[in-house]
Amino acid sequence: MTDLSNLVKKLPKAELHIHIEGTLEPELLLTLAKKNKIDIPYQSVNEIKQAYQFRNLESFLALYYQGTNVLLHQTDFYHLTIAYFERVAQDHVRHVELSFDPQAHVSRGVPFSCIIEGILQGMEEARDRLNITSKLILCFLRHLSEDRAIDMLKMALPYRNYITAIGLDSTEKDIPPKYFERVFTQARLAGFLTVAHAGEEGPASYIRQAVELLKVRRIDHGIRCTEDPDLVEKLIALKIPLTICPISNIKLKIFSKMTDHNIRALYDRGLFVTINSDDPAYFGGYINDNFMQLIEHLNFQASEIIQLCKNSFMASFLDPSTKESYVKLIDQIAQTEMGLQPA
Ligand code: HPA
Ligand code: ZN
């Protein structure tokens, strides 16, 4: 166990499913609430942590959006972003594809320019000071209409060169991806790649729609794909990565305990699985904590942890030669740490 925790710490990794708003730690939430004079129903970090008990995705999202209320100024988005990068530098994260939910902020009167420029400032500093590269994913909120998503896309167009992909998140039940087909087509025509949350609480058919109609390059979560064996075949054949978030899935009661999580089955089936933290400040675990859960509860071995770290880069939107150099680096580190030969 000690060896594997060392290995997890030392291996470079990419994080591909992370919501910047979900990295708002209780301490920063309290500081920003005070600074910006925003009423929140908590007095202390402890009270906040006590409140973070969720029944399902919906009950989590209520607190997540409440948390976003304290983010008002460009500097708030910058502080939020750089705090996340500083934290994951400790986990040896070397590349991040960062999601943000601008509709949760523009609806409160925060200009889109403040949101994105604050985040970009954090990303640039992370690159220069922490040696962590990153790309940005703008997510549409699926509980809002497609027309609102189209408005958002228009707002984002001047920042086209700073946004790599468009995503889809928030409430999933009864809101199929097909409702967003038009705006995703427009986004692709404008040059964005696409990803979408699907098959977290929603059925396998939503994953199929995300692949077939929204033409996504990755599925966020996707754990319910197993309900449709043909879909599983298709995901394997097309090498579509699933960005899985084990601790998130337990906290939101998708599975009742880690030993029940289906990531072991998905991995063994040959799906292109990656490990991520989703909303670590709310779920109490960053990326390495997620890896440790797999080791402690699902019997993941050194060679599998190494493969998952390689997958994280291979599933990213980095260019092929950068991906290859990370895979080589992982092999070198694995060999030094474990005496393991490249697979
Ligand atoms: N699912 C859907 N929407 C989200 C999530 C999630 O896990 N985290 C933040 N927004
Ligand atoms: Zn998510």
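Both counts, for ligands and for their atoms, begin at 1 and track the order of listing.
Using 4.0 Å as the threshold, Leu252 has no heavy atom nearer than that to any atom of ligand 1.
In terms of protein heavy-atom proximity, atom 8 (N) of ligand 1 is nearest to Asp279 OD2, 2.8 Å. Given atom 7 (O) of ligand 1, the protein heavy atom at minimum distance is Asp278 OD2, 2.8 Å. Of the protein's heavy atoms, His19 NE2, 3.6 Å lies nearest to atom 5 (C) of ligand 1. In terms of protein heavy atoms, atom 1 (N) of ligand 1 is closest to Glu200 OE1, 2.8 Å. For atom 3 (N) of ligand 1, the closest non-hydrogen atom of the protein is Ser170 N, 2.8 Å.
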- Task: Kindly indicate, with the supporting measurements, whether the criterion side chain to side chain contact (heavy atoms under 4.5 Å, CB included) is fulfilled by Lys215 and Val211.
- Result: CA-CA 5 Å; Lys215 317 263 187 238; Val211 172; over 6 Å; no
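For the side-chain contact (heavy atoms from CB on, under 4.5 Å) with Glu201, the qualifying choice from Leu252, Leu57, Thr171, Asp174 is Leu57, the only one to do so.
By the criterion of a heavy-atom distance under 4.0 Å, the side chain of His221, and not its backbone, is placed next to ligand 1.
The two residues Leu16 and Ser316 have their closest heavy-atom pair at CD2-CB, 3.8 Å.
Taking the Zn ion (ligand 2) as reference, His197 places its N/O/S atom NE2 nearest.
Ring centroids of Phe60 and Tyr64 are separated by less than 6.0 Å, placing the two rings close together.
Residues Leu193 and Met152 do not share a hydrophobic cluster, clusters being chains of Ile/Leu/Val/Met/Phe/Trp/Tyr side chains in contact below 4.5 Å.
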